[in-house]
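Working notes, beginning with the structure itself.
Values reported hereafter were calculated over all heavy atoms of this structure, with side chains retained and with hydrogens, waters and symmetry mates removed.
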Amino acid sequence: MASTAEIKAQIQAAIEQANEASGAIGSSMTQLETAVASGMEATQETSSSLPPEAIGQWQQARERLEEVLGLIQAANGTFEQYMNTI
């Protein structure tokens with residue numbers, strides 16, 4: 001059976017991995033914002049309904065990534081609480 005210190009070290013490593021994932025998600029969010037702006041600029045004179053639909057989908061994707069960041073932060077906090085109890 002692993003010692004408490006080993007368990008805490010493994011959890012801390014997992015939290016650090018989740019933080020790295022958060023950084024990558026943050027970069028993805030920024031890239032999506034750029035894509036939205038570029039897509040809007042490129043299609044501002046079109047009468048087609050497809051570009052706005054695509055832009056809306058990108059905006060939804062960005063919102064979902066924001067939700068993912070919140071869940072990662074919540075999980076990290078919960079694991080930190082757990083570490084404080086052991």
- Check Ile55 against Gly39 and note the closest heavy-atom contact, atom names and distance. CD1-C, 3.7 Å

- Message: For a 4.5 angstrom cut-off between non-hydrogen side-chain atoms, does Arg64 reach Val68?
- Response: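 No - every pair of side-chain heavy atoms lies 4.5 Å or more apart.
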
In terms of hydrophobic clusters joined by side-chain contacts under 4.5 Å, are [X] and [Y] together?
X: Ile7; Y: Ile15; answer: yes
X: Met40; Y: Trp58; answer: yes
X: Ile86; Y: Phe79; answer: yes
X: Ile72; Y: Met83; answer: no

Atom pair [atom1] ([X]) and [atom2] ([Y]), whose distance is rounded to the nearest 0.5 Å:
X: Glu80; Y: Ile11; atom1: CD; atom2: CD1; result: 10.5 Å
X: Gln31; Y: Glu33; atom1: CD; atom2: CD; result: 10.5 Å
X: Gln17; Y: Asn76; atom1: CD; atom2: CG; result: 11.0 Å

- Query: Around Glu41, counting heavy atoms of other residues, nucleotides and ligands shown, do more than 12 lie under 6.0 Å from its CD?
  - Reply: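 Not more than 12 within 6.0 Å, no.
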
- Of Val36, Leu32, Thr30, which meets side chain to side chain contact (heavy atoms under 4.5 Å, CB included) against Arg62? Leu32

